[in-house]
Undergrad: 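The structure is given below, and queries will be raised subsequently.
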2 protein chains.
Amino acid sequence: MNPCETCAVRNQAICSALNPDELGVLNRIGRSLSMQKGQSLMWEGDQSLTVANIISGVFKLTSSLDDGREQIIGIAYPSDFVGRPFGNTNEYTVTALTDAKLCAFARADFEKFTPQHPQMEHKLLEKTLDELDRARRWMLLLGRKTAPEKVASFLLEMSQKLGGNDCSTGDTALAAFELPFGRQQVADILGLTIETVSRQMTQMKKAGLIDLPDRRHVRILQPEQLEEMSMAQPV
Amino acid sequence: MNPCETCAVRNQAICSALNPDELGVLNRIGRSLSMQKGQSLMWEGDQSLTVANIISGVFKLTSSLDDGREQIIGIAYPSDFVGRPFGNTNEYTVTALTDAKLCAFARADFEKFTPQHPQMEHKLLEKTLDELDRARRWMLLLGRKTAPEKVASFLLEMSQKLGGNDCSTGDTALAAFELPFGRQQVADILGLTIETVSRQMTQMKKAGLIDLPDRRHVRILQPEQLEEMSMAQPV
DNA sequence: CGCAAAATTGAATAGTCTCAAATGTAGTGG
DNA sequence: CCACTACATTTGAGACTATTCAATTTTGCG
């Protein structure tokens, strides 16, 4: 049986554009890949040899300067596509933040498959356009927001991406979620130092905007005030 | 005669993937559009109704906060594609920095044309992937570089993009170019204030790294030292 | 329980911003 | 051609935010 049929991201990943027959062909050139927390799939500057769909786990995309300063320039979740098709070099490092599973392809194979399956390429285009919008929105944050605004924006984005509602109180939605990032990584996402992130978060806790049950968990108590603090655009 | 045949970006824009017949069809749904310096083609938050190829001129893509803080999140040159296909809203404002010419399409028409022309969609995908890489590289600059590093990086990028060599001296390549940006716009690209940009540039001039014949012109005198100052990755 | 790593807290510093003023530039009409 | 205006840029001084460096506390794990 084709393992794609039971794939957790069957309906979200770019392969959702394929019919069962096509999926069979794709499956023959792909291979399943398990990664451990902390492992890197590819490195900035390397030749682009592999592309992949994320089946489970969270990845960070990073770029760094010689002296070690690092910026997280993207976060990839299940059903996202990583790697650089149609280009020779990886412009960033891709690292697993949790244990993870991928569906990986040799770039050459992928690029041979793709021209015969324009619907899949279309899916990839849509995903890439979404990513571009997201990256550009983040540029506004990096270039123009203050530290409290950055942290508030980050927590809201995370709550939207990761947050199931915690309705234990029966109250209005209070998003609670587990961060897949340590403080240093949050700092690398926001273009701040770990100390500044820590200070902002404890201040928000003291102000009653959020709760921090432990260092990996966040609960948003005052979403409206957090929204206001984030300077989010009313879309 | 189909005006596409004499189009200045015929071989670089996404329509370069089309044969003359297909181009005729595309030409029928597109219309030529002239814009003046300062005019905006679309606004952040608006419905996405138009997409376009840039024929001539330079555009800025911007996003701003309520209080007026603005970030330039992209720059578009001739042969680039602007607008948001396959999505409902424009995530940013597109404004002409110079007088400009476009080849514009109603998004609906464009999206009807596209499925029958996967080679063109492929071109668009390649362009979008390039843009994404560029945006992410810029995120490293915005999040982690200092003011002098930012300005040096910017000047080098501009010299690469706009600079013909000025070989009047017969010497090694000294790139000279005209900035399509005022100082405030440079600040909006780099996530700095106009004053900081100004100070950095005069300092670089005093240090002999660059020359500033007038406020729109730059000549790079010491490319290696500028490179060093920019903390560019040795690719 | 004890250790190493992660996170927090504190104090001092540096870098960038803010506000204000001065200078330079391009364009206009006399 | 020049004076005048409006605007862009530069320069300066001071304030403030975020960083740096150092020390302490907390956390997770063997």
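Treat the numbers as computed from the prediction; the structure is a model and nothing was measured. Chain A is the first sequence line, chain B the second, and so forth, proteins listed ahead of strands; every chain is numbered from 1.
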Undergrad: Going by heavy atoms in the side chains, are Met35(B) and Phe59(B) under 4.5 Å from each other?
TA: yes
Undergrad: Verify the distance criterion only: is there a donor paired with an acceptor across the side chains of Lys101(A) and Ser32(A) at less than 3.5 Å?
TA: no
Undergrad: Is it the case that dG28(D) (base atoms only) and Arg216(A) (side chain only) share a donor and an acceptor within less than 3.5 Å, ignoring hydrogens and angles?
TA: no
Undergrad: From CD1 of Ile194(B) over to C1' of dT11(D), roughly how many Å is that when rounded to an integer?
TA: 12 Å
Undergrad: To the nearest Å, give me how far apart CD (Gln185(B)) and P (dA8(D)) are.
TA: 10 Å
Undergrad: For DNA chain C, whose closest nucleotide is more 5', that of Val197(A) or that of Val197(B)?
TA: Val197(A)
Undergrad: Kindly say if Thr146(B) contacts the phosphate of dG15(C), meaning a side-chain N or O under 4.0 Å from OP1 or OP2.
TA: no
Undergrad: Classify the side chain of Arg199(B) versus the base of dG12(D) as yes if they form a donor-acceptor pair under 3.5 Å and no if they do not.
TA: yes
Undergrad: Rounded to whole angstrom units, what separation is found between the NZ atom of Lys37(A) and the C1' atom of dA6(C)?
TA: 12 Å
Undergrad: Any donor-acceptor pair under 3.5 Å joining the side chain of Arg144(B) to the base of dT19(D)?
TA: no
Undergrad: Without hydrogens or angle criteria, can the side chains of Glu44(A) and Thr93(A) be said to hold a donor-acceptor pair below 3.5 Å?
TA: no
Undergrad: Rounded to the nearest Å, what distance is computed from the CE atom of residue Met201(B) to the C1' atom of nucleotide dA8(D)?
TA: 13 Å
Undergrad: Can you find a heavy atom in the side chain of Arg134(A) that is under 4.5 Å from one in the side chain of Glu157(A)?
TA: yes
Undergrad: Going by modelled atom types, is there a donor-acceptor pair between the base of dC7(D) and the side chain of Gln184(B) at under 3.5 Å?
TA: no
Undergrad: Check whether any side-chain N or O of Arg183(B) sits under 4.0 Å from OP1 or OP2 of dT10(D), and answer yes or no.
TA: yes
Undergrad: Quick one: is dA18(D) close enough that its OP1 or OP2 comes under 4.0 Å of any side-chain N or O from Thr193(A)?
TA: no
Undergrad: If you assign Arg215(A) and Glu195(A) each to the DNA chain D nucleotide with the nearest heavy atom, which residue ends up on the more 5' nucleotide?
TA: Glu195(A)
Undergrad: Could you check whether any side-chain heavy atom of Phe181(A) comes within less than 4.5 Å of a side-chain heavy atom of Leu97(A), counting everything from C-beta outward?
TA: yes
Undergrad: Please report the distance, rounded to the nearest Å, between CD in Gln200(A) and P in dT17(D).
TA: 10 Å
Undergrad: Rounding to an integer number of Å, can you tell me how far Leu179(B) CG sits from dT9(D) C1'?
TA: 14 Å
Undergrad: To the nearest angstrom, how far is Gln203(B) atom CD from dT9(D) atom C1'?
TA: 16 Å
Undergrad: Once you round it to whole Å, what is the distance between P of dT18(C) and CG of Asp67(B)?
TA: 10 Å
Undergrad: Is the phosphate of dT19(D), meaning OP1 or OP2, less than 4.0 Å from a side-chain N or O of Thr196(A)?
TA: yes
